[in-house]
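The residues of the chain are indexed from 1 along the displayed sequence. Ligands are counted one by one from 1 in listed order, and the atoms in each one are counted from 1 as well.
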Amino acid sequence: MAQRTFSIIKPDAVKNGHAAAVLADIEKAGFKIVTIRKQSISKEQAQGFYYVHKERPFFGELCNFMSSGPIFLMVLEKENAIADLRKLMGATNPASAEEGTIRKKYAKSIGENAIHGSDAEETASFEIGYWFAGYELI
Ligand code: GDP
């Protein structure tokens, strides 16, 4: 059965001109783009989105980075979407990401790592609802 996940093309990938290549990789891997929106987000919106990380030492840096330039917010669908997108993304630190993964190809550092993908069903459902209204997801 088809599953939905939430993803962001992060500011570094957009700024470096990799958005279309990332989307192509996502489509080639069999994901349907249910909805997509390009926008800039505020630091406060980033803090709300990443609230689970609020005690982590990199929280401030992460929220500054995510609000530093335009991003693409999207909902993706396929069978096993959550795990399959995580595989396609590669490890958080691009230096240890597998060849062929989005982070290996397009990211430069553990902080500025090109793409976000939900890590579980519960987070996917929170993250989709944080950025999109029900009528946008039909
Ligand atoms: P992910 O699920 O692979 O995105 O990784 P995490 O959930 O552990 O972290 C969320 C995001 O925080 C990562 O994608 C990075 O953008 C950022 N992040 C994680 N670790 C670090 C770090 O050590 N330094 C900085 N600056 N950012 C980090």
Would you call the rings of F126 and F49 parallel, tilted or perpendicular, where under 30° means parallel and over 60° means perpendicular?
parallel

Quick one: list whatever passes salt bridge (charged side-chain N to carboxylate O under 4.0 Å, His left out) with E136, sequence neighbours left out.
R37

Is the closest side-chain heavy-atom distance between P94 and K108 below 4.5 Å?
no

Salt bridge (charged side-chain N to carboxylate O under 4.0 Å, His left out), paired with D25, selected from R103, K104, K105
K105

Please list all pairs passing the salt bridge (charged side-chain N to carboxylate O under 4.0 Å, His left out) test where one or both residues lie in residues 45-59, with sequence neighbours left out.
none

Can you list every side-chain hydrogen bond (donor to acceptor under 3.5 Å, both in side chains) pair that touches residues 62-77, not counting sequence neighbours?
R4-E77, K43-N64

Anything with a heavy atom under 4.0 Å from ligand 1 counts, so go ahead and list those protein residues by chain and number.
K10, H53, R56, F58, E61, L62, R86, T92, R103, I110, G111, N113

